[in-house]
Amino acid sequence: MTTPDAAERSTTAQSTSDEPRFRYTPALAQEIELRWQDRWEELGTFHAANPTGPLTGPGGEGPSGDPFFIMDMFPYPSGAGLHVGHPLGYIATDVTGRFRRMCGDNVLHALGYDSFGLPAEQYAVQTGQHPRDTTEANIANMRRQLRRLGLAHDPRRTFATIDSDYVRWTQWIFLQIFDSWYDAEAPRPGGGTGRARRIAELEAELAAGNRPVPGHDGDNTGGAVWAALSREEQRDVVDAQRLAYVDSSPVNWAPGLGTVLANEEVTADGRSERGNFPVFQRNLRQWKMRITAYADRLTDDLEHIDWPEKVKAMQRNWIGRSAGAKVRFDVVGTAEYDPAGAGAQVEVFTTRPDTLFGATFMVVSPEHPLLDEVPSAWPDGTRSSWTGGYATPVEAVAAYRREAAGKTAVERQADAGKKTGVFTGHLALNPVSGLQIPVFTADYVLMGYGTGAIMAVPGGDERDAAFAEAYDLPVIHTVEPEGGLPEDFTGAYTGDGKVTGSTGPDLSLDGLTVPEAKVAITRWLEEKGIGEGATTYRLRDWLFSRQRYWGEPFPIVWDSEDRPIAIPDELLPVDLPDVPDYAPRTFAPDDVTSEPEAPLGRNEDWVKVTLDLGDGPREYRRDTNTMPNWAGSCWYYLRYLDPTDTEHLVDPALEKYWLGARHNATSGPAGGVDLYVGGVEHAVLHLLYARFWHKVLYDLGAVSSIEPFGKLFNQGYIQAYAFTDERGQYVPAAEVEGDELTGWTFQGKPVEREYGKMGKSLKNVVTPDEMYESYGADTFRVYEMSMGPLDLSRPWETRAVVGSQRFLQRLWRNVVSEETGELTVSEDPAETGTLRVLHRAIADVRAEMSNMRPNTAIAKLITLNNHLTGLDRVPREAVEPLVLMTAPIAPHIAEELWARLGHEHSLAREPFPVADPAYLVQETVTCVVQVQGKVRARLEVAPDIAEDDLREAALAEPNVVKAMDGRGVRTVIVRAPKLVNIVPA
RNA sequence: GCCCCGGUAGCCCAAUUGGCAGAGGCAACCGACUCAAAAUCGGUCCAGUGAGGGUUCGAGUCCCUCCCGGGGCACCA
């Protein structure tokens, strides 16, 4: 998409009449690149061979070498097209893939398109076109831009998530999850307990009486309780256990988007990640996925995969496992003032059960059921500061609950730290100290975490201390450090130490360490039956339905009783219907009372469907929700293995070959994709969801590996400078002149420079198309790879691209005459000096490439190339390995030179050069002689010089003698052959 | 506030286990080529590693404190 502007700006050398005919110009580069791209496609050069099935290697060959599965994060084709930042990761994986292929691996690398979801739909709505049209056009454009880059993908393995035969399997997986429940006690084949099982097995066990019926009391021995239920009641029991289930609970509702969202899609300040709209908590009936059942495995299995620590930490934090105990407090019910509390209990979760003696009050969240009934009068001892000025607990609690409900997440967030709350009138009994403690409600306790209630220990918790201070509540310290707390210490002590002040009628924790006390109190609670060790998670179940048009429809129908039924496999896929209007029903962004309305509901003919599900034709209503776009990206890596497969989600033999545990030398025990490259922004969204689905599929026997992505690599971003004029308006960055020293000007006027993203509105976009035209794809690839380490973000600088172009031009000139186009290489053997430089380069490049450091690999290639440039004639023996080593990074020019050097076949599978150790040892080594750490002399010595000889030679060196200045020698440190350090007395 | 990553030449970046601060590129400057310029080729210049302290014969590298930049989390009991 080269704009006329961009074309004019392309000032880099175009062919001019006096230029040598065969110079490596952008025009020649373009000709070479297009030719080789066609050739690769024609020959199927990058077809990866499957061990079974229709997908063979080039020429119908089977697999050879180790399988190596390399992947980019699923691209989402936007209407804006690509800028030069986007291909960075694609080039990096391509370079690695080409390198591994030359190292003999069977490389699988392909690219599909993630194409359902909000952005595509927003773009379609804005431009007034059907999302399918805009999405397909965007994919076509992106394909074109990427093809021009010369990526070594297997073109047979591409697809888009909107393809009907892809949707079919996405829906199929949904139905597998719908047809499963989590048996937390079931042993897993690979070790550990807890796995998904089929719903039929649950029904069988309930009918046989092997387990109690959830939600129904009574002894189910022999299936008595189960048998007593009606068919409808049985279905309700089972439906509530499914891994994909519908329930009514507080969810994130974004009126401005017209849909509900998953927790992961809401930012910390309560707005939608997409569009930045306010998000409200509404109680709505929605589809969810029971990802919480997998919380432990999702945390524990991180140990078995090679991911950046940062991402692992983000996942751990998001899952938020914390170990502690649940404790039940009796609410003191007396006829006089608290009939409501009689017999009630409040269960709390705490990570610090050892501080139970310090619990001087309790706090329940405003949504807590205990507050449905509160005493009608304030009990004795109620302080005026607790009541909020209300005459009765009933009024006070009602007012506070109302206030809390009206607060948006944003407001709650803004108030964090400032403690508000009110006494509920309830009193509870501290089970260890026997003291009566007041129960407060406050919005710093969240209904969604733990039990929605806490025991407040102001002596050991900062938040509780802040609340205690605001409401004049007593503080007891139960832990003190070595030497005790200072006399005047107030507030919370959260450090380590010994337990103190924790002796009650039949228990004492005094003198124990905190960990010891945790164990002791937990055991005591369990013995007394008033609590037990417990683990809670921050992770919530995954809200899976969206009220938008552009997504996979749920393969579910609802019967007349409003219970969900799976659509049979043979009726998949359920394609998106045409609706009169696909635009979402959106509302004013702050319209709290609005309700989601699914666009699919607008086609009554589609919603009403008559099916024969085994009991004769009946009328059903289709589910009108669509799936979030994460659905498609949860399993696409499996589809690459064979997108033509209509029989399986994935052929088990292929899954084992490409993804199984230890399928090659670097694959770990968890298996998975060998290299997965993408930005860090999906750390807890896509990567968590995909791991969850994979584990369900593992439990159900569809895959053998326990993790989808064995190695993850986060690439940095290409950033750019943007410039603003004196009004703060962005000016076209390409037309700004100047530098760091002189300052920056636009049309003669000074402008301010800022550093950040590349974007249309910032007027600093540079596109790959501009690069192809001005330099060619190879130069662009070399430049992107040479800018710096892959995991670092760095600024784009168009004027620096010429350095990469010069490298390729010199390489070209080392093989081909610019005047005649003839081969200029010499067939004579290379001199020893050249061979040393060559083999040094081979050894270094191999090491750098193996460790994904293309920037330093390129530096070594340039060094070798520059050496060859200095020779009268370049020996074939030296330049052929250079061409091969350049191939992963600049494949087109390498292929062209390889062909001109007389080779008939593509170099894509030529062995990557191997260094001859004989040329790696140097004839002489420069030895540095230091006196007291300062360099005083240099010696040329043999690499295998003996330590004693070296010491002597160093001490005899005139400069050393001078530096010693007559002082005696205390020590001599010899690190033969490179260093001698003399320490004077 | 807590956690993670980074700070080396005018700029982007290199630097095995602690061992000569410089591999490569950009820019600048000089020269060659040219009538001239661009392109090209050859060459030159430039920092003591964010600051301070410590360990060591020796610190960009290890330890401590602080500063700056980027990212993540943030009432999660």
Side-chain angles (χ1 to χ4, degrees), chain A residues 11-13 16 18-20 23 25 268-269 308-311 313-314 317-318 320 322 324 348-352 355 363 412-413 415-419 442-446 448-457 460-464 466-467 536-539 680-681 683-684 716-717 719 739-742 755-756 782-783 786-789 791-804 806-807 809-810 813 818 844 847 853 855-863 865-866 869-870 926-935 938 970-973 975 978-984:
Chain A
T11 51
T12 320
T16 54
D18 59 342
E19 198 159 42
R23 172 163 291 176
T25 58
D269 55 348
E309 264 317 308
K310 178 192 164 99
V311 177
M314 284 166 73
N317 287 339
W318 187 260
S322 55
V348 305
F349 172 76
T350 177
T351 55
R352 295 293 303 276
T355 63
V363 185
R412 257 197 188 203
Q413 195 61 37
D415 290 346
K418 195 172 75 191
K419 296 284 176 288
D443 66 1
Y444 82 95
V445 174
L446 312 172
Y449 184 78
T451 61
I454 62 161
M455 61 179 216
V457 184
D461 183 283
E462 304 280 3
R463 298 152 301 185
D464 296 346
F467 193 84
T536 62
Y537 305 87
R538 205 182 82 114
L539 182 69
V680 74
E681 69 271 16
V684 287
Y717 299 103
Q719 309 268 67
D739 58 40
E740 275 88 1
L741 300 174
T742 61
Y755 181 57
V782 171
Y783 176 65
S786 66
M787 289 169 80
D791 52 357
L792 227 69
S793 295
R794 49 271 162 95
W796 176 264
E797 196 185 356
T798 298
R799 65 178 180 173
V801 178
V802 67
S804 301
R806 286 178 193 148
F807 162 52
Q809 278 181 338
R810 277 199 292 271
R813 220 167 20 234
E818 288 191 333
D844 289 349
R853 291 191 295 252
N855 55 321
T856 43
I858 290 169
K860 313 276 182 199
L861 293 175
I862 292 175
T863 308
N865 192 44
N866 288 350
T869 302
T926 306
C927 176
V928 175
V929 186
Q930 300 175 329
V931 175
Q932 224 174 349
K934 292 208 165 64
V935 182
R938 290 185 169 82
R970 196 168 77 184
T971 338
V972 181
I973 293 140
R975 293 279 180 275
K978 293 182 78 175
L979 181 125
V980 177
N981 190 5
I982 302 161
V983 188

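Worth saying up front: this structure is predicted, and the values here are computed from it rather than measured. Every chain is numbered from 1, with letters handed out A, B, ... down the list of sequences.
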- Qualifying residues under side chain to side chain donor-acceptor pair (under 3.5 Å), relative to A/Asp844, sequence neighbours excluded: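 Expected list: A/Arg840.
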
- Message: Test of understanding: with side chain to side chain donor-acceptor pair (under 3.5 Å), list the residues that count as partners of A/Glu681, not counting sequence neighbours.
- Response: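 Checked A/Glu681 against side chain to side chain donor-acceptor pair (under 3.5 Å); matches are A/Tyr717.
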
If pairing requires Watson-Crick or G-U wobble contacts with both distances under 3.5 Å, which nucleotide is the partner of [N]?
{"N": "B/rC2", "result": "B/rG72"}
{"N": "B/rA37", "result": "none"}
{"N": "B/rG58", "result": "none"}
{"N": "B/rA51", "result": "B/rU65"}
{"N": "B/rA28", "result": "B/rU44"}
{"N": "B/rC13", "result": "B/rG22"}

- Message: For the OG1 atom of A/Thr863 and the NZ atom of A/Lys860, what is their distance to the nearest 0.5 Å?
- Response: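 Going from OG1 on A/Thr863 over to NZ on A/Lys860, the span is 7.0 Å.
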
- Message: How long is the straight-line distance from NZ of A/Lys419 back to CG of A/Asp443, given to the nearest 0.5 Å?
- Response: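 Interatomic distance, A/Asp443 CG to A/Lys419 NZ, rounded to 0.5 Å: 9.0 Å.
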
To the nearest angstrom, how far is [X] atom [atom1] from [N] atom [atom2]?
{"X": "A/Trp318", "N": "B/rG72", "atom1": "CH2", "atom2": "C1'", "result": "12 Å"}
{"X": "A/Lys978", "N": "B/rG18", "atom1": "NZ", "atom2": "P", "result": "14 Å"}
{"X": "A/Tyr755", "N": "B/rG6", "atom1": "OH", "atom2": "P", "result": "16 Å"}
{"X": "A/Leu861", "N": "B/rG24", "atom1": "CG", "atom2": "P", "result": "13 Å"}
{"X": "A/Phe467", "N": "B/rA77", "atom1": "CZ", "atom2": "P", "result": "19 Å"}
{"X": "A/Met455", "N": "B/rA77", "atom1": "CE", "atom2": "P", "result": "13 Å"}
{"X": "A/Gln719", "N": "B/rG6", "atom1": "CD", "atom2": "P", "result": "17 Å"}
{"X": "A/Tyr444", "N": "B/rC75", "atom1": "OH", "atom2": "P", "result": "13 Å"}

[Y] and [X], any side-chain heavy atoms less than 4.5 Å apart:
{"X": "A/Ile973", "Y": "A/Val980", "result": "no"}
{"X": "A/Gln930", "Y": "A/Leu979", "result": "yes"}
{"X": "A/Met455", "Y": "A/Thr355", "result": "yes"}

- Residue whose nearest RNA chain B nucleotide is more 5′ - A/Phe349 or A/Cys927: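 Nearest nucleotide further toward 5': that of A/Cys927.
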
- Please figure out whether A/Ala800 or A/Gly870 has its closest RNA chain B nucleotide nearer the 5' end.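 The 5'-side residue here is A/Ala800.
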
State whether [X] places a side-chain N or O below 4.0 Å from either non-bridging phosphate oxygen (OP1 or OP2) of [N].
{"X": "A/Asn317", "N": "B/rG72", "answer": "no"}
{"X": "A/Arg813", "N": "B/rA39", "answer": "no"}
{"X": "A/Asn866", "N": "B/rG25", "answer": "yes"}
{"X": "A/Ser322", "N": "B/rA77", "answer": "yes"}

For [Y], is there any backbone N or O sitting under 3.5 Å from a side-chain donor or acceptor partner on [X]?
{"X": "A/Tyr449", "Y": "A/Tyr537", "result": "no"}
{"X": "A/Arg794", "Y": "A/Leu792", "result": "yes"}
{"X": "A/Asp464", "Y": "A/Val457", "result": "yes"}

Which of the following nucleotides, [options], is nearest to the side chain of [X]?
{"X": "A/Lys310", "options": "B/rG71, B/rG19, B/rC75", "result": "B/rG71"}
{"X": "A/Val928", "options": "B/rC20, B/rA77, B/rA14", "result": "B/rC20"}
{"X": "A/Arg806", "options": "B/rG71, B/rG24, B/rU40", "result": "B/rU40"}
{"X": "A/Ile862", "options": "B/rC75, B/rC26, B/rG24", "result": "B/rG24"}
{"X": "A/Arg810", "options": "B/rA77, B/rA39, B/rC41", "result": "B/rC41"}
{"X": "A/Thr863", "options": "B/rG24, B/rC13, B/rG42", "result": "B/rG24"}
{"X": "A/Arg538", "options": "B/rG19, B/rC73, B/rU40", "result": "B/rC73"}

Taking the [atom1] atom of each, how far is [N] from [M], in whole Å?
{"N": "B/rG52", "M": "B/rG70", "atom1": "P", "result": "24 Å"}
{"N": "B/rC62", "M": "B/rG19", "atom1": "C1'", "result": "14 Å"}
{"N": "B/rU40", "M": "B/rU49", "atom1": "P", "result": "36 Å"}
{"N": "B/rC12", "M": "B/rC57", "atom1": "P", "result": "37 Å"}
{"N": "B/rU17", "M": "B/rC13", "atom1": "C1'", "result": "24 Å"}
{"N": "B/rG58", "M": "B/rG50", "atom1": "C1'", "result": "23 Å"}
{"N": "B/rG7", "M": "B/rC26", "atom1": "P", "result": "23 Å"}
{"N": "B/rU34", "M": "B/rC41", "atom1": "C1'", "result": "13 Å"}

- Message: Under the rule for salt bridge (Lys or Arg N to Asp or Glu O under 4.0 Å), what residues qualify as partners of A/Glu818, not counting sequence neighbours?
- Response: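 Once residues adjacent in sequence are excluded, the partners of A/Glu818 under the salt bridge (Lys or Arg N to Asp or Glu O under 4.0 Å) criterion are A/Arg23, A/Arg813.
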
- Residues in side chain to side chain contact (heavy atoms under 4.5 Å, CB included) with A/Asn866, at least two apart?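 With neighbours one apart ignored, the set is A/Arg810, A/Ile862.
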
Find every protein N or O atom lying less than 3.5 Å from an N or O atom of nucleotides 55-60 of chain B, and list the pairs.
| residue | atom | partner | partner atom | Å |
| --- | --- | --- | --- | --- |
| B/rC57 | O2 | A/Asn981 | ND2 | 2.0 |

Describe the nucleic acid contact of [X] in one word from base, sugar-phosphate, nothing, applying a heavy-atom distance below 4.0 Å.
{"X": "A/Ile858", "value": "nothing"}
{"X": "A/Ala859", "value": "base"}
{"X": "A/Glu309", "value": "nothing"}

- Check: B/rC75 base within 3.5 Å donor-acceptor of A/Lys419 side chain: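 Result: at least one qualifying N/O pair found.
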
- Query: With respect to A/Thr971, which candidate in A/Asn981, A/Ile982, A/Val983 satisfies the side-chain contact (heavy atoms from CB on, under 4.5 Å) definition?
  - Reply: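 Of the listed options, the one satisfying the test is A/Val983.
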
- Query: In terms of base orientation, is B/rG48 syn or anti, with the syn window spanning 90° either side of 0?
  - Reply: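 Base orientation: syn.
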
Quick one: which protein N/O atoms are closer than 3.5 Å to N/O atoms of nucleotides 8-12 of chain B? Pair and distance per line, please.
| residue | atom | partner | partner atom | Å |
| --- | --- | --- | --- | --- |
| B/rC12 | O2' | A/Met787 | O | 2.9 |

